[in-house]
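Here the structure comes first, spelled out in structure tokens, and everything after it is commentary.
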Amino acid sequence: MRRLPMRAKHTIMKTAKNGGIHMKVRVRYAPSPTGHLHIGNARTALFNYLFARRHDGDFIVRIEDTDVERNVETGIKSQMSYLRWLGIDWDESIDKDGGYGPYRQLERLDVYKKYAQILLDKGLAYKCYCTAEELEEERRAQKARGDEQLHYSRKCLGKEDRDAEHAIRFKVPDNQTYTFDDIIKGEVTFQSEDVGDFIIVKRNGIPTYNFACAVDDALMKITHVLRGEDHITNTPRQLMVLDALGFDRPRYAHMPLIVNEQGKKLSKRDGSIVQFIEQYHELGFLPEALFNFIALLGWSPDAKEEILSREALIERFDEKRLSSSPATFDKGKLHYVNNRYVKALSLEETKDLCRPFLEKEGILNGKDAQWFESLIAVFKDRLSYGAEIVGLYRDFFDKPFALEGEALEFLRQDGVKTLLETFKGKLEAQDEIDPDTLKTLIKEAGKETSMKGKLLFMPIRIGVSGQMHGPDLPQMMNLLGKAILVDRLSRAIASI
RNA sequence: GGCCCGUUGGAGAAGCGGCUUAACUCACCAGCCUUUCACGCUGGCAUGCACGGGUUCGAAUCCCGUACGGGUCACCA
């Protein structure tokens with residue numbers, strides 16, 4: 001495969017014709033039900049969805065379950081429900097017939113059988129009786145010999161039919177060049193010599209991915225295939241099948257891989273990044289934010305603002321702005337994006353978002369509704385996702401109170417000690433405290449000691465938290481409670 | 001190893017031969033606002049586009065090579 005001189009990111013819809021009439025855009029997301037919805041799959045689904053909605057086309061979800069060994073019972077259900085959770089809906093699938101079904105490949109076996117037979121009859125495919133062991137041995141020999149390419153020897157080609165278990169292989173044409181104009185990568189070319197005869201139907205009678213996929217794309221009138229770059233070398237195989245069967249070719253767009261901060265492909269075992277949408281849900285991320293963030297993985301808007309709603313994304317989506325270099329999964333950015341959406345939430349919504357996490361940790365035990373509300377109000381603006389509230393709470397309440405460095409220096413300024421003593425005295429005189437009386441107390445202490453501005457607030461902040469930065473002062477003091485406040489103030493005064 | 005794809009600041013990422021004195025976003029720093037903090041606003045932050053050649057009046061942008069990273073070579077998808 002080699003890149004031709006001119007980069008070609010052309011407008012779509014030009015090649016998807018039928019008898020000169022532009023066809024309706026039809027795209028598909030084709031997951032295999034081997035597990036939960038992965039971030040990479042979610043992105044593929046999302047871009048297909050955006051593309052379809054942008055061009056008033058159809059978005060189809062087709063289940064590619066031809067690997068019966070790896071299928072997981074709950075896979076389909078879980079994936080589809082998280083697609084919905086993200087706000088991605090479809091026009092056709094196993095639960096919504098659009099006239100091109102069935103949408104589950106195991107229910108289309110007769111279809112593949114028919115087309116495999118056509119290829120057999122035309123001599124474009126042949127039965128292969130080799131066992132896995134034989135093939136393994138063949139490959140080993142090729143390796144030992146130092147062959148450059150490990151292709152099937154074709155030893156079953158031309159063999160007479162016999163009544164034995166067999167797979168069906170596609171007979172790759174000689175001396176053919178396969179070129180396709182990828183929307184993202186430009187023109188990509190493969191030589192047929194680089195591709196060995198591949199299996200299209202397994203011994204168990206079930207088609208392989210490359211065969212079923214090509215047949216279904218054609219039969220379901222798919223006009224554009226947007227998928228991960230790891231499929232780029234599958235494309236010539238699918239093109240061969242399509243050509244051999246006389247089907248039209250869809251347009252392809254191979255999206256860059258998503259890599260971690262070390263530049264490695266996101267592997268499901270990579271612990272550095274949360275990989276499944278379900279986990280994000282459990283951590284209290286917002287679906288709208290995730291949708292927004294995922295749309296930024298390998299694509300960028302032609303705008304200053306990156307925070308875009310689903311509707312705005314649909315309106316702005318332009319496949320020509322899909323990137324061809326790997327998309328780095330930037331956790332910091334994810335948190336930022338989610339935080340922007342959290343900030344837009346109402347106080348009640350934020351409480352609902354955080355409640356489960358606090359309850360699970362028993363943090364709400366013995367606290368009244370007012371306390372809970374204060375807690376959320378104080379941290380709402382800096383909250384990246386629901387579960388983070390626990391860490392924020394702990395950081396704030398459980399961090400040992402210590403005075404050091406810049407903070408301690410600040411307390412050693414003239415008049416600060418008197419200020420803290422005055423304030424502490426006023427605090428002790430109060431039976432009940434709340435944010436408003438606390439605020440009044442600060443004002444009074446300031447007036448009596450002639451301290452104001454930074455010199456007033458900062459010593460008190462440091463005196464009760466040890467920190468120079470933190471949430472709104474009266475609010476957070478209220479959360480801390482009188483006992484802790486008095487204790488910390490005493491220790492601060494003592495260490496000046 | 002063969003065949004492919006990629007490489008722009010601390011990070012993400014625009015750019016597709018002259019409009020680039022390299023957008024925008026995150027992070028960071030400074031100032032403003034707030035009697036504190038945070039939010040918000042304003043400004044600063046790549047003499048430089050992996051490296052080396054070449055083409056061109058002109059290159060981050062085109063070509064060749066090198067290095068590095070990645071993908072793929074299954075009766076997985």
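Heavy atoms only: backbone and side chains are in, while hydrogens, waters and symmetry mates are out. Keep in mind that what you see is a predicted model, and the values were worked out from it rather than measured.
Within 4.0 Å of A:Asp330, counting heavy atoms only, lie sugar-phosphate atoms of the nucleic acid but no base atom. Among the heavy atoms of the strands lying under 4.0 Å from A:Lys443 is at least one base atom, whether or not backbone atoms are also near. Backbone-only engagement by A:Ala327 is indicated by non-hydrogen atom pairs under 4.0 Å involving sugar-phosphate atoms exclusively. Across all strands shown, A:Lys454 has heavy atoms under 4.0 Å from sugar-phosphate atoms exclusively, and none from any base. Residue A:Cys130 is in base contact, counting any heavy-atom pair closer than 4.0 Å across all strands shown. When heavy atoms are screened at a 4.0 angstrom cut-off, A:Arg340 is found touching no nucleic acid atom at all. Nucleic acid contact class of A:Thr66 (heavy atoms, under 4.0 Å, all strands): sugar-phosphate only. Within 4.0 Å (heavy atoms only), A:Glu64 reaches sugar-phosphate atoms of the nucleic acid but no base atom. Across all strands, A:Leu296 comes closer than 4.0 Å to no nucleic acid atom at all (heavy-atom distances). At the heavy-atom level, A:Met468 lies under 4.0 Å from the strands shown only through sugar-phosphate atoms. Contact annotation for A:His151: no contact, since no heavy-atom pair falls under 4.0 Å across all strands. A:Pro326 comes within 4.0 angstrom of the backbone, heavy atoms only, and of no base.
Using Watson-Crick or G-U wobble geometry with both donor-acceptor distances under 3.5 Å, B:rC16 finds no partner in any strand shown. When both distances must be under 3.5 Å, the Watson-Crick or G-U wobble mate of B:rG1 is B:rC73. The partner of B:rA30 is B:rU42, judged by Watson-Crick or G-U wobble contacts that both fall below 3.5 Å. With a cut-off of 3.5 Å on both Watson-Crick or G-U wobble distances, the partner of B:rG6 is given as B:rC68.
Side-chain atoms of A:Tyr112 and A:Asp216 include a donor-acceptor pair closer than 3.5 Å. Between the side chains of A:Arg340 and A:Ser384, no donor N or O sits under 3.5 Å from an acceptor N or O. Residues A:Glu349 and A:Ser346 have side chains that bring a donor and an acceptor to within less than 3.5 angstrom of each other. A:Gln191 and A:Thr177 are linked by a side-chain donor-acceptor pair at a separation below 3.5 angstrom, with hydrogens and angles left out of the test. Checked by atom type, the side-chain pair A:Tyr209/A:Asp67 shows no donor-acceptor distance below 3.5 Å. Looking only at atom types and distance, the side chain of A:His254 has no donor-acceptor partner in the side chain of A:Glu229 under 3.5 Å away.
Atom name C1', nucleotides B:rG44 and B:rC37: the rounded distance is 23 Å, in whole Å. B:rC16 and B:rG52 have their C1' atoms separated by 23 Å, with the value rounded to a whole Å. Annotation: B:rA46 and B:rA23 have their C1' atoms spaced 13 Å apart (nearest Å).
Between the P atom of B:rC26 and the CZ atom of A:Phe293 lies a distance of 14 Å, rounded to the nearest Å. Across the protein-nucleic acid pair, A:Arg382 atom CZ and B:rG40 atom P stand 11 Å apart, rounded to whole Å.
One finds a side-chain N or O of A:Lys202 lying less than 4.0 angstrom from the OP1 or OP2 phosphate oxygen of B:rA77. For the pair A:Tyr336 and B:rC26, the criterion of a side-chain N or O lying under 4.0 Å from OP1 or OP2 is met. Listed pair A:His469 / B:rC37 fails the phosphate criterion, with no side-chain N or O lying under 4.0 Å from OP1 or OP2. A close approach under 4.0 Å does occur between a side-chain nitrogen or oxygen of A:Lys343 and OP1 or OP2 of B:rG40. The side chain of A:Lys331 places no N or O atom within less than 4.0 Å of a non-bridging phosphate oxygen (OP1 or OP2) of B:rC26. Applying the 4.0 Å criterion to OP1 and OP2 of B:rA74, one finds that A:Arg139 has a side-chain N or O inside that range.
No hydrogens or angles were tested; on distance alone, a donor-acceptor pair under 3.5 Å links the side chain of A:Asn234 to the base of B:rA77.
No side-chain heavy atom of A:Phe59 sits less than 4.5 Å from a side-chain heavy atom of A:Arg28.
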